[in-house]
Amino acid sequence: MAQKPSIPKGTRDFSPAEVAKRNYIFDTIRNQFEIYGFQPIETPSFENLETLMGKYGDEGDRLIFKILNSGDYLNKVDDRTLEEKDAAALTPQISEKALRYDLTVPFARYVVMHQNEIDLPFKRYQIQPVWRADRPQKGRFREFYQCDADVVGPSSLLQEVELIQLYDAVFADLGLEKVTIKINHRKILSAIAEVIGAHEQLIPFTVALDKLDKIGEEGVIREMAASGISEAAIRKAMPLFSISGDQDQALGVLSDFLKESKTGEEGIEALRMITATIGKLGLSSCRLQVDVTLARGLNYYTGAIFEVSAPEGVQMGSIGGGGRYDDLTGIFGLKDLSGVGISFGLDRIYLVLEELGLFPETVEESVQVLFVNFGEKEALAALPLIGELRKAGIKSDLYPTDAKLQKQLKYANNRKIPYVVLLGKDELEQNTVVVKDMAKGSQKTYDWKHLPEFIKTL
RNA sequence: GUGGUUGUAGCUCAGUUGGUUAGAGCGCUGGAUUGUGGUUCCAGAGGUCGCCGGUUCGAGCCCGGUCUUCCACCCCA
């Protein structure tokens, strides 16, 4: 009996039209990556499990897709682990490999393994799928593409500035207006926790703080209390909940709040430099916003952290994120190497562009010129002309059968083909073709010898 | 991982307290129109009602399970 085919939860097939639109985004991002001097690398779709485990926090570990060992994988498991049904202890015994969870950790691994071949500063980009065992929602998939650009080597803040410009350049090319790039600094978050006396609970503190715009002040307070942060500490942190006004003002308030912390002052200085420089250089599509409550991002970030949210009015999580990590390669044995990078979430950008109708019409154009097939003789006469067009780089094709003209034109119409060429009995006798402009409905006759004139109009 | 939600034609969706042969619009195929698509008119094809089981004389509709979709958590691109 034939089984009904299906694909796993959170995965998708892509039709030709969808692939065309996805490629448009890929091409736009790749083009700017290269314009900014980044070089491409690729890494395997799966890594050794131990390379990935422990890099993304407990929640991250849970979301990593583990690959079951081949062969008799239960053979080596000790009976006790099996009897106790201890998943955490069992996993490393039956799985040695796991699907890539993001592009940053594999990149860090790559840098360490290839350190002798790499010239610093090393600017690489990487566009590949990643996998997460998350529960799918709109804009959240189990297989999706990330487009990363990272610089390792220089600890200069000019890198952060450049990456913000890169974000802006890509979104400008995509025609995506009013994108907000939020920026914060890990040192600021760490200093706040220190100043209020909640240094031990830095992670729960930042996670709660991050939800301010979603669950409000009360919600944040409740969550902080629930995660063991003292009432006194929460009260101390409260002025931060209402920081508003422009960037300089916000940074001023923060500076006052953290005046006793050297770490905090470093973080504030960094943001001042970045925002001031971007202020001078200007952005075309994006706006940069300091946001003290921005805390998302993975555990390995140590400096600036970024998050890009979709334009207002579009229900979508972040469409990009990034930050600086001073010690990521340290985990793999290479000390004192700083890196900073950003990531674009292709699949979410796609949904945003689709919702706002921002894909150019020509993206779905598979063929520019379609020759109608009137029969064997006419089709044979069309082939050299099609060859001429193809040599000139024009996407052109002959309808494969001599189906009714109505059907062939309808096909051209559905495929959004802008020009149809008619070469029938009369044209064959006169060595001419009739070119029909599908949008206007107008027609023009060209002599075979004068085909270049038509090509010029394309 | 927790709680909820959705699934009927290729697509978007109707479908009465459970009752004979499950509908519409769009799309598709053919014709009006043997060299003119996107407009119009006519006709036609297309369904194991997600899947498995249960209740019932009888289930698209009720019950259980399962898969999927979307939503809220969690977390994130």
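The analysis underlying the following values was restricted to heavy atoms, covering all of them including side chains, and did not include hydrogens, waters or symmetry mates. Residue numbering restarts at 1 for every chain, and letters A, B, ... go by the order of the sequence lines.
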Open item on the list: Between A:Glu365 and A:Thr362, is there a side-chain donor-acceptor contact under 3.5 Å, judged purely by atom types and distance?
Closed with: no

For a 4.5 angstrom cut-off between non-hydrogen side-chain atoms, does A:Val77 reach A:Leu90?
yes

Discussion item. What contact category does A:Ser318 fall into here, base, sugar-phosphate, or nothing, at under 4.0 angstrom with non-hydrogen atoms?
Written reply: sugar-phosphate

Residue set satisfying side-chain contact (heavy atoms from CB on, under 4.5 Å) with A:Glu96, at least two apart, ordered chain then number -> A:Asn69

Scoring nucleotides 36-44 of chain B by protein non-hydrogen atoms under 4.0 Å (B base, S sugar-phosphate only, - none) yields BBB------

Produce the list of close N/O pairs, under 3.5 Å, pairing protein atoms with atoms of nucleotides 67-69 of chain B; give distances to one decimal.
{"unit_1": "B:rU68", "atom_1": "OP2", "unit_2": "A:Lys9", "atom_2": "NZ", "d": "3.4"}
{"unit_1": "B:rU69", "atom_1": "OP1", "unit_2": "A:Gly10", "atom_2": "N", "d": "3.4"}

* Distance, C1' atom - from B:rC42 to B:rC49, rounded to whole angstrom -> 30 Å

**Prompt:** Any side-chain donor paired with an acceptor under 3.5 Å for A:Asp168 and A:Ser284?
**Reply:** yes

>> Distance check, C1' atoms only: B:rG15 and B:rU8, in whole angstrom units.
In response: 9 Å

Inset, instruction - Mind checking A:Glu59 for me? I need base, sugar-phosphate or nothing, with any heavy atom below 4.0 Å counting as a touch. - result: base

Stems field, RNA chain B, Watson-Crick or wobble, 3.5 Å, at least 3 pairs, by first number, holds B:1-4 with B:70-73, B:10-13 with B:23-26, B:28-32 with B:40-44, B:50-54 with B:62-66

*Mind telling me whether A:Phe454 and A:Tyr419 have parallel, tilted or perpendicular rings, with 30° and 60° as the class edges?*
perpendicular

Roughly how far apart, to the nearest Å, are B:rU20 and B:rU33 at atom C1'?
43 Å

Exercise for review: For A:Gly60, answer base if it contacts any base atom (sugar-phosphate contacts may also be present), sugar-phosphate if it contacts only those atoms, and nothing otherwise; contact means non-hydrogen atoms under 4.0 Å.
Suggested key: nothing

The nucleotide from B:rA77, B:rC71, B:rC74 with an atom nearest the side chain of A:Arg348 is B:rA77

Rounded to whole Å, the OH-C1' distance (A:Tyr300 to B:rC75) equals 14 Å

Any donor-acceptor N or O pair under 3.5 Å, side chains A:Asp173, A:Gln32
yes

Just by distance, with hydrogens left out, do A:Ser396 and A:Gln368 show a side-chain donor and acceptor under 3.5 Å apart? no

Q) Given the C1' atoms of B:rU55 and B:rC11, what is the spacing between them in whole Å? A) 35 Å

### Query
Under 4.0 angstrom, heavy atoms only, what part of the nucleic acid is A:Val130 near: base, sugar-phosphate, or nothing?
nothing

Nearest-Å distance once atom P is located in both B:rG18 and B:rC57
16 Å

**Prompt:** Cut-off 3.5 Å, side chains only: do A:Ser366 and A:Arg415 have a donor facing an acceptor?
**Reply:** yes

A:Gln137 atom CD is separated from B:rA72 atom C1', nearest whole Å, by 8 Å

Contacts of A:Phe374 and A:Phe144 projected onto RNA chain B by closest heavy atom; the upstream (5') one is A:Phe374

- Query: Taking the side chain as C-beta and beyond, is there a heavy-atom pair between A:Phe359 and A:Glu354 under 4.5 Å?
  - Reply: yes

note: A:Glu429, atom CD; B:rG35, atom P; distance rounded to Å ~ 14 Å

Per the under-4.0 Å heavy-atom filter, residues of residues 323-332 of chain A near RNA chain B come out as none

Here the distance between atom C1' of B:rC74 and atom CD1 of A:Ile215, to the nearest Å, is 12 Å

ask   = Do A:Tyr411 and A:Tyr399 have their ring centres less than 6.0 Å from each other?
value = yes

**Request:** Could you walk me through whether A:Ser45 and A:Gln128 pass the side chain to side chain donor-acceptor pair (under 3.5 Å) test, one step at a time?
**Result:** CA-CA 8 Å; A:Ser45 52; A:Gln128 290 191 277; over 6 Å; no

Ring geometry between A:Phe122 and A:Tyr110 (parallel below 30°, tilted from 30 to 60°, perpendicular above 60°): parallel

note: A:Lys182, atom NZ; B:rA77, atom P; distance rounded to Å ~ 13 Å

Per-nt protein contacts along nucleotides 1-6 of chain B (heavy atom under 4.0 Å; B base, S backbone sugar-phosphate only, - none) come out as BBB---

Does a nitrogen or oxygen in the side chain of A:Lys214 sit under 4.0 Å from OP1 or OP2 of B:rC73? yes

From CG of A:Asp210 across to C1' of B:rC75 the rounded distance in Å is 11 Å

Out of B:rC73, B:rC75, B:rG35, minimum distance to the side chain of A:Lys425 belongs to B:rG35

>> Using a 4.0 Å heavy-atom cut-off, does A:Gly424 contact any base of the nucleic acid, only the sugar-phosphate backbone, or nothing at all?
In response: base

Provide the distance between the two C1' atoms, one in B:rG23 and one in B:rG64, to the nearest whole Å.
30 Å

Work out how far the P atom of B:rG7 is from that of B:rC51, and round it to whole angstrom. 13 Å

Would you say the ring centroid of A:Tyr101 lies under 6.0 angstrom from that of A:Phe65?
-> no

Item to complete: Report which part of the nucleic acid A:Phe141 touches: base, sugar-phosphate, or nothing (heavy-atom distance under 4.0 Å, all strands).
Response: base

Rounded to whole Å, the CZ-P distance (A:Phe306 to B:rA77) equals 14 Å

Open item on the list: Atom CD of residue position A:Glu18 - does it have more than 12 heavy atoms of other residues, nucleotides or ligands inside 6.0 Å?
Closed with: yes

**Report entry** Side-chain donor-acceptor pair present, A:Arg135, A:Gln137, cut-off under 3.5 Å
**Finding:** no

- prompt: Any chance the side chains of A:Asp102 and A:Tyr56 put a donor and an acceptor closer than 3.5 Å?
  reply: yes

message = Check this for me: A:Asp213, atom CG, are more than 12 non-hydrogen atoms of other residues, nucleotides or ligands nearer than 6.0 Å?
response = yes

Check your understanding: When you check the side-chain N and O atoms of A:Ser338 and A:Asp326, is any donor under 3.5 Å from an acceptor?
Key -> yes

Quiz prompt | Gap in Å between the two C1' atoms, one belonging to B:rU2 and one to B:rC75, rounded | solution = 13 Å

Rounded to whole Å, CZ of A:Arg132 lies from C1' of B:rC75 at a distance of 9 Å

- Could you check whether the rings of A:Tyr325 and A:Tyr301 sit parallel, tilted or perpendicular, using 30° and 60° as the cut-offs? tilted

